[in-house]
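Notes to accompany the following structure.
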Amino acid sequence: MLKSHSCGELNPKQVGERVALAGWVHRRRDHGSLIFVDLRDREGIVQVVFNPAQFPQALAVAREVRPEYVLAVKGRVMRRPPGTENPNLATGEVEVLAEECQILNTCPTPPFPINEETEVDEPLRLRYRYLDLRRQRMKENLILRHRVVKFIRDFLDARGFIEVETPILIKSTPEGARDYLVPSRVHPGKFYALPQSPQQLKQILMVAGIEKYFQIARCFRDEDQRADRQPEFTQLDLEMSFVDEEDILALTEEMFTFLVETATPSLRVIKPFPRLTYAEAMERYGTDKPDLRFGLELGDLTEVVATSDFGPFQQARAKGIVKGFCAPSCGNYSRKQIDELAELAKGYGAAGLITIALAGEGKPEDMGQVRSLAAKYLTLEQVKGIAERVGAKGGDLILIVAGQPGVVNGALSQLRLEMARRLHMADADLLAFAFVTGFPLLEWSAEEGRWQSMHHPFTAPLEEDIPLLDTDPQLARARHYDLVCNGYELSSCSIRIHSRPLQERIFGLLGYTGEEIEERFGTILEALEYGAPPHGGIAPGIDRIVMLLAGEQTIREVIAFPKNQSAVDMMMQAPSPVSPTQLEELHLMLRPIERTEREPE
RNA sequence: GGCCCCGUGGUGUAGCGGACUAACAUGCCACCCUGUCACGGUGGAGAUCAGGGGUUCGAAUCCCCUCGGGGUCGCCA
């Protein structure tokens, strides 16, 4: 070991000791003959002094070093001369007087600064991820992630869970996202799939009598990327036997509460986690994953404006709804600001945005206090009714969207987030966890002309709703809850189906023939026959949790080596072409692609 | 596949039709400096303004296309 201590751990207790340090040059301050080097390792930074009078050879080496050179330094820990302590540095009371110094490696001028927290173009960071990860913020994120995963393992271990690994090469099944496929060399024409989640395997582990299982599981989905979606991501996959919804929710709530208190004590959670139904969430927030750190609740205005002659309201009366919410103290918004909001709404499919700005104090007293394009189609009574439903008073701006329920809720939920951003209403130190309950089991896919699982096809329906499967499938409620936090869906949890006949019935509803069911889901159906216990579980996304705890805007910031929006690894340059030999071994032939067609012969 | 935003020395930004021979900060190089800690001082190098085409007397600036990147809709059981 080249080090006796880490740079960051030095303090006055070691004064007088001779230490061996190794690390990277964080910064060098050259005073002509006297040179200071801030030496950095994972644990922190310490100042190393090179003094010509005492150790001229060490100083000669220090003259040559540049930022990010790798040094081995031997020297004595000294208390800093009075008045030269640095309170901004954890090790600021001491310094190391260098006696020997060796350059272990050099470094070109880095493509971006390692020793300061400037914003750098993300592609450049991803290309040189090993340099990016040296920076303080990324290092902290990786350490936080480690602490989160460690906490989860300890927490679940203490409660009798065992961690079981499941295969990465599994069988492709329909439903859900596009699979990543791996061709088989020994079975020409056949493919493995990478797991979208270990869903069926963990259920089979319940049949196997594991009772309490968890896994920090890598999952793969070949869909387009988002700030909170990567082609591969990590879930805490968890399943328990002989439980009902309350058991899982209680465990989840306890785990996340303790997690925050342990890993990020500067953040707060609301205890107990609020619960709201899917219908309630849609009604009040227009989304099933509301950010509950602020109000700005939506009000239904359909009835209030039913008698108005305003075109959009009239159309909504026929086959839609009218909803809105109040942006406090935004009554002075300019035409330009309102146009921006309208553009945002249109981006989410709304035909337009109707705004009502209220002047004065309290309730409007005459139409002169009402500024709106719709003003001449509204009576004072109607405006008062609208203001009341959205809680608006003088000085506020009311944002209203009319149309199909899906569009109205979609646009307003986004406008709600936008206004919260503009008004700085979201407390950055608050993690507003909540459970959303009462999801429908199925939703009709107009595109595919069949029923689809809202969650996944293994979700159990409520016992009393099972008869509805034959009559009104859309009314059947699922034993399924979502865990949301600050506007992100962290996890779905559900009680699974543990009876073969019911599971087959669901597959049938989803439009599969008996043969397809047998071919695609035969294994789990057979397993359910062999004494499958009642069971259920959750699968929270680790990346999103760590992102929220770290206060980051994308999960890429908490993944060591993420891919970009086009699913490209910019450091390793994956994906990449493979050799004809490899293709041949895998019994694969490539279809010509456009780009090669265009290339000259 | 659609929509929106971004691309100017190594990095981060300014400039948004003429005074641009492209500015500022930082970094880099050289020299000076024994108590700094974002050390300081002096000097210097470094940019075909992402690429291509167009409009114009004149384009970093306006328009079009392409490329790269980000956000988002669709998609993501």
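A note on names: the letters A, B, ... follow the listed sequences, proteins ahead of strands, and every chain is numbered from 1.
Regarding contacts with the backbone of B:C29, a side-chain N or O of A:Arg66 is found under 4.0 angstrom from either OP1 or OP2. In this structure, A:Gln565 reaches the B:G71 phosphate: one of its side-chain N or O atoms is under 4.0 Å from OP1 or OP2. Put simply, A:Thr118 has no side-chain N or O that comes within less than 4.0 Å of OP1 or OP2 on B:G12. Between A:Arg29 and the phosphate of B:C39, there is a side-chain N or O to OP1/OP2 separation shorter than 4.0 Å.
Using a 4.0 Å heavy-atom cutoff across all strands shown, A:Ser197 reaches at least one base atom of the nucleic acid. Within the 4.0 angstrom heavy-atom criterion, only backbone atoms of the sugar-phosphate kind lie near A:Arg556; the bases stay farther away. Residue-level contact check: A:Arg27 touches the backbone only, with heavy atoms under 4.0 Å from sugar-phosphate atoms and none from bases. Nucleic acid contact class of A:Glu343 (heavy atoms, under 4.0 Å, all strands): none. Among the protein residues, A:Arg80 comes within range of the nucleic acid bases, having at least one heavy atom under 4.0 Å from a base atom. At a threshold of 4.0 angstrom between heavy atoms, the contacts of A:Ser33 include nucleobase atoms, whether or not backbone atoms are also involved. Residue-level contact check: A:Pro67 touches the backbone only, with heavy atoms under 4.0 Å from sugar-phosphate atoms and none from bases. Within 4.0 Å (heavy atoms only), A:Glu95 reaches at least one base atom of the nucleic acid. Residue contacts shown for A:Leu124 are limited to sugar-phosphate atoms, with no base heavy atom under 4.0 Å away. Using a 4.0 Å heavy-atom distance criterion, A:Pro123 is classed as a sugar-phosphate-only contact. Residue contacts for A:Thr109: at a heavy-atom cut-off of 4.0 Å it reaches the sugar-phosphate backbone alone, with no base atom in range. A:Tyr348 comes within 4.0 angstrom of the backbone, heavy atoms only, and of no base. The residue A:Glu85 sits close to a base: some heavy atom pair falls under 4.0 Å. Backbone-only engagement by A:Pro113 is indicated by non-hydrogen atom pairs under 4.0 Å involving sugar-phosphate atoms exclusively.
Counting only heavy atoms from C-beta on, A:Ala227 has its side chain closest to B:U72 among B:U72, B:G35, B:C75. Candidate nucleotides B:G12, B:G70, B:U72 were compared by shortest atom distance to the side chain of A:Val120, and B:G12 ranks first. With B:G69, B:G35, B:C76 as the choices, the nucleotide that has an atom nearest any side-chain atom of A:Ala177 turns out to be B:C76.
The base-pairing partner of B:C24, taking Watson-Crick or G-U wobble contacts with both distances under 3.5 Å, is B:G12. If you check B:A45 for Watson-Crick or wobble pairing at under 3.5 angstrom, you find it has no partner at all. With a cut-off of 3.5 Å on both Watson-Crick or G-U wobble distances, the partner of B:C3 is given as B:G71.
Evaluation of atom-type donor-acceptor distances gives no pair under 3.5 Å for the side chain of A:Asn564 against the base of B:G70. Under 3.5 Å, the side chain of A:Arg229 and the base of B:C75 form at least one donor-acceptor pair of N or O atoms. Contact of A:Glu116 with B:U26 (side chain to base): no donor-acceptor pair of N or O atoms is detected under 3.5 Å. Side-chain N/O atoms of A:Asp222 and base N/O atoms of B:C76 include no donor-acceptor pair closer than 3.5 Å. Judged by distance alone with a 3.5 Å cut-off, a donor-acceptor contact links the side chain of A:Arg226 to the base of B:G74. Taking 3.5 Å as the limit, the base of B:C76 and the side chain of A:Arg221 contain no donor-acceptor pair of atoms between them.
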### Task
Determine, step by step, whether A:Trp24 and A:Leu39 satisfy the side chain to side chain contact (heavy atoms under 4.5 Å, CB included) criterion, reporting the C-alpha distance in whole Å, the side-chain angles of both residues, the deciding distance to 0.1 Å, and the verdict.
CA-CA 6 Å; A:Trp24 289 264; A:Leu39 196 64; 5.9 Å; no

### Query
Does the side-chain hydrogen bond (donor to acceptor under 3.5 Å, both in side chains) test come out yes or no for A:Thr166 and A:Gln215, once each step is laid out?
CA-CA 8 Å; A:Thr166 55; A:Gln215 180 181 195; 3.0 Å; yes

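Between A:Leu415 and A:Val401, some side-chain heavy-atom pair lies under the 4.5 Å cut-off.
Distance noted for atom P between B:C31 and B:G68: 44 Å (whole Å). Taking atom C1' on both B:U21 and B:U48, the two are 15 Å apart, rounded to the nearest angstrom. A gap of 24 Å separates the P atoms of B:G44 and B:U34, to the nearest Å.
We find that the ring of A:His31 and the base of B:C39 stack, their centres lying under 5.5 angstrom apart and their planes tilted less than 30°. Stacking between A:Phe112 and B:U11 is absent: the aromatic ring centre is not both under 5.5 angstrom from the base six-membered ring centre and within 30 degrees in plane angle.
Checked options A:Lys139, A:Arg42, A:Arg40; the residue passing with A:Arg134 is A:Arg40 (criterion: side chain to side chain contact (heavy atoms under 4.5 Å, CB included)). Of the residues A:Leu34, A:Val37, A:Leu59, the one that meets the side chain to side chain contact (heavy atoms under 4.5 Å, CB included) test with A:Val49 is A:Leu34.
What you find for A:Leu353 and A:Ile338 is that their closest heavy atoms are CD2-O, 4.3 Å.
Residue order along RNA chain B, read from the 5' end via each residue's closest nucleotide, puts A:Thr84 first among A:Leu126 and A:Thr84. Along RNA chain B, the nucleotide nearest to A:Arg544 and the one nearest to A:Pro110 differ in position, and the one closer to the 5' end is contacted by A:Pro110.
In this structure, A:His456 and A:Phe458 have tilted ring planes: the angle between them lies in the 30° to 60° band.
Centroid-to-centroid, the aromatic rings of A:Phe521 and A:Phe507 come within less than 6.0 Å.
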